[in-house]
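Accompanying notes for the structure given below.
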Protein chains: 2
Amino acid sequence: MPLDNYQEILSDPPAKGRMISNLSVDCCIFGFENNDLKVLLVQHASGRSQGQWALPGEFVLKDRNLKEMPHHVLQRLTGLENIFVEQLGTFGRLDRVDYGRIITIAYYALISPQKYNLKVGADALDVAWVNVAEATKLIYDHNEILDYAMIKLRDRIKTYPIGFELLPDKFTLTHIQKLYEAMLGHSLDTRNFRRKMLSSKLLQATSEVDDSVPYRAPKLYTFDKERYDEMLVEGYFFQL
Amino acid sequence: MPLDNYQEILSDPPAKGRMISNLSVDCCIFGFENNDLKVLLVQHASGRSQGQWALPGEFVLKDRNLKEMPHHVLQRLTGLENIFVEQLGTFGRLDRVDYGRIITIAYYALISPQKYNLKVGADALDVAWVNVAEATKLIYDHNEILDYAMIKLRDRIKTYPIGFELLPDKFTLTHIQKLYEAMLGHSLDTRNFRRKMLSSKLLQATSEVDDSVPYRAPKLYTFDKERYDEMLVEGYFFQL
DNA sequence: TCAAAAGTGTTTGCAATACACCCATGC
DNA sequence: GCATGGGTGTATTGCAAACACTTTTGA
């Protein structure tokens with residue numbers, strides 16, 4: 001399923017009167033394909049920022065709890081619900097945007113490739129998955145936000161098994177190793193990695209293999225959501 | 001130096017016109033005394049919230065960068081500068097305050113006991129250091145914020161040696177052990193703790209001892225700021 | 001038969017843990 | 001001399017790290 005194969009479904013932005021005009025939410029939406037970590041960017045369609053690439057975002061809505069806002073952004077942009085989201089932090093330099101004093105609350109989201117199904121809203125010219133390393137020259141302070149997201153993500157992946165949020169339901173051990181390597185920015189020892197993953201009890205072997213490959217077909221695993229939820233509570237540490 | 005011995009210096013709140021009226025900053029300001037972790041609370045002097053205890057806070061000022069705001073709060077409240085501060089997160093439930101849609105950015109600050117020197121602003125009836133365990137029944141969602149601060153603090157103390165921010169310039173090994181125990185909520189093995197602390201190279205033994213005690217005078221240590229800064233960069237991990 | 005990746009065990013060293021007694025001081 | 005906390009060492013265990021070859025499959 002290629003990443004650039006999205007549907008052109010218009011999704012209208014909310015009316016101005018429903019927005020809190022000095023407060024926005026911006027999202028670093030991450031995906032993983034072809035052993036690369038990607039981030040979802042939009043190109044602004046109008047106004048002073050027309051043509052520039054940005055993290056997707058919205059003004060906070062008057063009638064929504066703050067924590068619903070990143071889901072609202074994801075819903076408008078991708079139609080997806082129940083996505084993993086965490087707050088990153090709030091950015092409020094005086095000159096961070098060029099048209100007023102806007103403070104933004106940044107979130108990051110992790111979505112699995114089965115779910116790529118992008119809409120392009122009426123306020124965006126284009127939407128694209130971009131390799132994180134190539135997502136330079138974003139508008140406003142969005143590169144600062146993205147850099148911060150990467151730091152947090154690396155930190156988080158070492159402590160919680162959130163990487164699974166980026167994988168399809170069934171995946172191979174190599175698949176998840178490549179994901180960790182992409183996130184951490186260095187390679188990992190295969191034997192040690194596999195031992196650790198399997199001993200974590202997070203994985204469940206299926207009887208299936210991935211026979212679409214032109215070499216020895218690797219086993220497919222699924223990921224044990226119950227065990228994962230237990231770990232989130234007990235403060236699991238994942239040393240890598 | 002007793003904690004409740006503060007000066008009654010009035011520090012006027014900023015004019016309403018300088019504030020962003022839907023955005024506030026609230027601070028969990030932590031101190032450590034008598035082996036207890038304390039948080040600084042204020043009692044509101046006027047308005048609907050009069051008499052209630054709260055985390056100190058302010059509305060965000062139009063002409064200040066967001067990251068200066070917690071320092072502004074600390075400055076007004078305590079007169080202190082150069083305090084360790086980190087952002088916790090932003091809280092925005094629709095009904096979190098009872099007089100409108102206010103979103104608040106929460107910070108936590110760590111201050112050392114030498115620096116206790118509190119002012120009481122014109123907008124506060126009273127200011128007090130309260131044991132964290134006893135800081136219940138705060139106004140709005142401030143208990144939620146404080147609970148979250150404690151979780152973050154525990155997490156952080158396990159990874160970075162931020163505990164030193166809560167100690168005076170010279171301290172004993174027992175002193176810092178008690179601090180860690182208070183933060184983590186359980187006791188630690190003295191021999192292991194000392195070995196680990198000393199091998200971290202964060203401490204520098206002085207030739208002095210604390211001879212104010214009625215038993216064997218313990219050695220005083222200072223803390224090596226340079227080594228600490230190195231560690232913050234190299235992502236030091238402090239397993240406790 | 002070759003290419004490409006899957007899959008598999010053992011050894012080594014370090015760091016965390018558990019554990020108990022003597023020491024110095026002031027009263 | 002006694003009460004109080006200061007200060008110290010060793011043995012064990014578990015986990016992370018380093019390391020290389022055989023297996024399977026499709027082309």
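No experiment lies behind these values; they were computed from the predicted model shown. Within every chain, numbering begins at 1; the chains are lettered A, B, ... in the order of the sequence lines, protein sequences first and strands thereafter.
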Rounded distance (Å) that lies between atom P of dT8(C) and atom CZ of F193(A): 15 Å
Distance, rounded to the nearest Å, where L220(A) contributes CG and dA6(C) contributes P: 12 Å
query: D210(B) CG to dT4(D) P: how many Å, rounded?
result: 18 Å
field: With F164(B), the ring pair (Phe, Tyr, Trp, His ring centres under 6.0 Å) member among F223(B), Y228(B), Y180(B), F32(B)
entry: F223(B)
task: Consider the side chain of R191(A), meaning its heavy atoms from C-beta on, and name the nucleotide among dG7(D), dG9(C), dG9(D) that approaches it most closely.
output: dG9(C)
task: To the nearest Å, give me how far apart CE (M197(A)) and P (dG7(C)) are.
output: 15 Å
query: Atom OG1 in T206(A), atom CG in D169(A): separation rounded to 0.5 Å?
result: 11.5 Å
- prompt: Roughly how many Å is it from CG in D189(A) to P in dA6(C), rounded to a whole number?
  reply: 14 Å
query: Under 4.0 Å: is that the gap between some side-chain N or O of R194(B) and OP1 or OP2 of dG7(D)?
result: yes
- prompt: Taking only N and O in the side chain of T174(A), is any of them less than 4.0 Å away from OP1 or OP2 of dA6(C)?
  reply: yes
- prompt: Closer to the 5' end of DNA chain D via nearest nucleotide, is it T190(B) or T190(A)?
  reply: T190(B)
message: Is the ring pair Y148(A)/F91(A) parallel, tilted or perpendicular, if the boundaries are 30 and 60 degrees?
response: perpendicular
message: Nearest heavy atom decides the nucleotide; on that basis, is K219(A) or R195(A) closer to the 5' end of DNA chain C?
response: K219(A)
task: Find out whether Q87(A) and T90(B) are in side-chain contact, i.e. whether some heavy atom of one side chain is under 4.5 Å from a heavy atom of the other.
output: yes
task: Measure from CG on L184(A) to P on dA17(D) and round the result to the nearest Å.
output: 12 Å
- request: Return yes if a side-chain donor-acceptor contact under 3.5 Å exists between N131(A) and K38(A), otherwise no.
  value: yes
message: I'd like to know if the side chain of T78(B) and the backbone of Q75(B) have a donor-acceptor N/O pair within less than 3.5 Å.
response: no
field: Nearest-angstrom distance from the residue atom NE2 of H186(A) to P of dA16(D)
entry: 14 Å
Atom pairs under 3.5 Å: protein N/O with N/O of nucleotides 23-27 of chain C:
{"residue": "dC23(C)", "atom": "O2", "partner": "R216(B)", "partner atom": "NH1", "Å": "3.0"}
{"residue": "dG26(C)", "atom": "O4'", "partner": "P214(B)", "partner atom": "O", "Å": "3.0"}

- request: In whole angstrom, give the distance that lies between atom NZ of K196(B) and atom P of dA15(C).
  value: 11 Å
message: Judged by each residue's nearest nucleotide on DNA chain C, which is more toward the 5′ side, N192(A) or P218(A)?
response: P218(A)
- request: Consider only side-chain N and O atoms of Y108(A) and E86(A), and report whether a donor and an acceptor are under 3.5 Å apart.
  value: yes
